[in-house]
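Take a look at the structure set out below.
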Amino acid sequence: MKSLPSEIKLIFLIALLLVVLLVAFTIFIVLMYNRKQLLYLKEQQLKESEHQNQLLQKELEKQKVLEQERERISHDMHDDLGAGISALKLQAEFLKQKAGDDDLQNDIDELLKTSEEMNISMREMLWSLNSGNDTLGSFIDYAILYTGNFLKKTKIMVYSECEDIIAETPISTEMRRNLFLCLKEAVNNVYKHSQANTVKLSFWQDENNFFMKISDNGNGISDGQKEGNGLRNMKRRMNELSGECSIISENPGTCLVFKIAL
């Protein structure tokens, strides 16, 4: 087989070189385009990250302003309203000492009772407003303290237990207040309806779930008994928190279990 003329070989080599250069140029263009696209995506991600950081910063600033406002209201209530209630109670006690009429003394007793109830309600509101109480430990301490004070003039003994509680676990103000109102309603029901002589508060934490159980040794809930407003309110509050409220009839007594995701 005869070899190709040198001119044809040269043309072939030049054509091959051009093809190689064209391929290399094409690859270069593709790489540059991809690099440009990558830089664009990184720039967009950086802008999005900066935007998210700005939104987060604004939200943190907003939360800080809200907490400062809560603290201001709390201090104003304590200084103004608290002082006014204390003065009212002091004046009523002074009048009671001077009053000789039985009817007048009864009226003064009612005034003293009302002022004490107002004072308790104000303390509850102050506790709710204080952002320093937004932990599980603070909630549990207050729940036990409230129950003991509420039932201290009755024959109902109060017991409490805690298991696997991480006291510093954060809890929102809304969650803390709704849990407290459920506890308040449950303890009030024990006092008014159960005829129990003991009530037990149990608190435990299971990973990201918190449980609160209020049990008594009273007469329990009879079969077919309709739910009252108090029980419906407790279930509604738990639903608003995406939690659960369970009622368990025991022998003797009743048990209420509240569960929320932290």
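Worth knowing before you read on, the calculation uses all heavy atoms, side chains too, and leaves out hydrogens, waters and symmetry mates. This is a predicted model, so every value here is computed, not measured. Start at 1 with the first residue, then count along the sequence.
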| request: Calculate, to the nearest 0.5 Å, the distance between atoms CZ and CZ belonging to F139 and R177 respectively. | output: 12.0 Å
| said: How long is the straight-line distance from CD1 of I165 back to CZ of F211, given to the nearest 0.5 Å? | reply: 10.5 Å
| task | Using atom types as modelled and distance alone, determine if a side-chain donor or acceptor of S138 lies under 3.5 Å from a backbone N or O of D134. | result | no
| Pairs involving residues 178-191, ordered by first then second residue, that meet side-chain hydrogen bond (donor to acceptor under 3.5 Å, both in side chains) (sequence neighbours left out) | E124-K184, N178-R237
| request: Determine whether I247 and L241 fall in the same hydrophobic cluster, where Ile, Leu, Val, Met, Phe, Trp and Tyr are linked whenever their side-chain heavy atoms lie under 4.5 Å apart. | output: yes
| field | M212-L262 co-clustered via ILVMFWY side chain contacts under 4.5 Å | value | yes
| message | Please report the interatomic distance CD1(I166) to CD(Q205), rounded to the nearest 0.5 Å. | response | 4.5 Å
| said: Quiz question: by atom type and distance under 3.5 Å, do the side chains of E48 and Q44 form a donor-acceptor pair? | reply: no
| query | Under 4.5 Å between any side-chain heavy atoms of I260 and M175, yes or no? | reply | yes
| request: Kindly compute the distance separating CD (Q37) from CG (N34), expressed to the nearest 0.5 Å. | output: 7.5 Å
| request: Measure up the F203 and F210 rings against each other and bin them: parallel (under 30°), tilted (30 to 60°), perpendicular (over 60°). | output: parallel
| query | What pair of heavy atoms forms the shortest contact from C255 to V257, and how long is it? | reply | SG-CG2, 3.8 Å
| query | From K235 NZ over to N239 CG, what is the distance, rounded to the nearest 0.5 angstrom? | reply | 9.0 Å
| task | Work out which heavy atom in A196 is nearest to a heavy atom in I156; give both atom names and the distance. | result | O-CG1, 3.4 Å
| Min side-chain heavy-atom separation F258-E244 under 4.5 Å | no
| query | Are L181 and M234 close enough, and set up right, to give a side-chain contact (heavy atoms from CB on, under 4.5 Å), and what steps lead you there? | reply | CA-CA 8 Å; L181 290 174; M234 286 187 282; over 6 Å; no
| said: Can you confirm whether the side chains of S202 and E161 place a donor and an acceptor under 3.5 Å from each other? | reply: yes
| request: Show your reasoning for whether side-chain contact (heavy atoms from CB on, under 4.5 Å) applies to I140 and L201. | output: CA-CA 9 Å; I140 292 172; L201 308 180; over 6 Å; no
| message | Would the distance check show the side chain of T147 and the main-chain N or O of I144 forming a donor-acceptor pair, the cut-off being under 3.5 Å? | response | no
| request: Taking R176 for its side chain and T135 for its backbone only, find out whether a donor-acceptor pair lies under 3.5 Å. | output: no
| task | Might you point out which heavy atoms bring A186 and L256 nearest each other, and give the distance in Å? | result | CB-CD1, 3.6 Å
| field | Verdict with reasoning, Y146 to L183, per side-chain contact (heavy atoms from CB on, under 4.5 Å) | value | CA-CA 9 Å; Y146 169 83; L183 171 116; 4.1 Å; yes
| said: With a 6.0 Å cut-off (strictly less than), is the heavy-atom count around CD of Q52, excluding the residue itself, greater than 12? | reply: yes
| query | So with a 6.0 Å cut-off around CD of Q195, is the heavy-atom count from everything else above 12? | reply | no
| Lys/Arg N to Asp/Glu carboxylate O, D216 vs K200, below 4.0 Å | no
| remark: Sorted by chain and residue number, the side chain to side chain donor-acceptor pair (under 3.5 Å) partners of T198 (sequence neighbours excluded) come out as N217
| field | Value rounded to 0.5 Å, distance of CG in L231 from SG in C245 | value | 6.0 Å
| field | Residue pair D206 / D164, side-chain heavy-atom distance below 4.5 Å | value | no
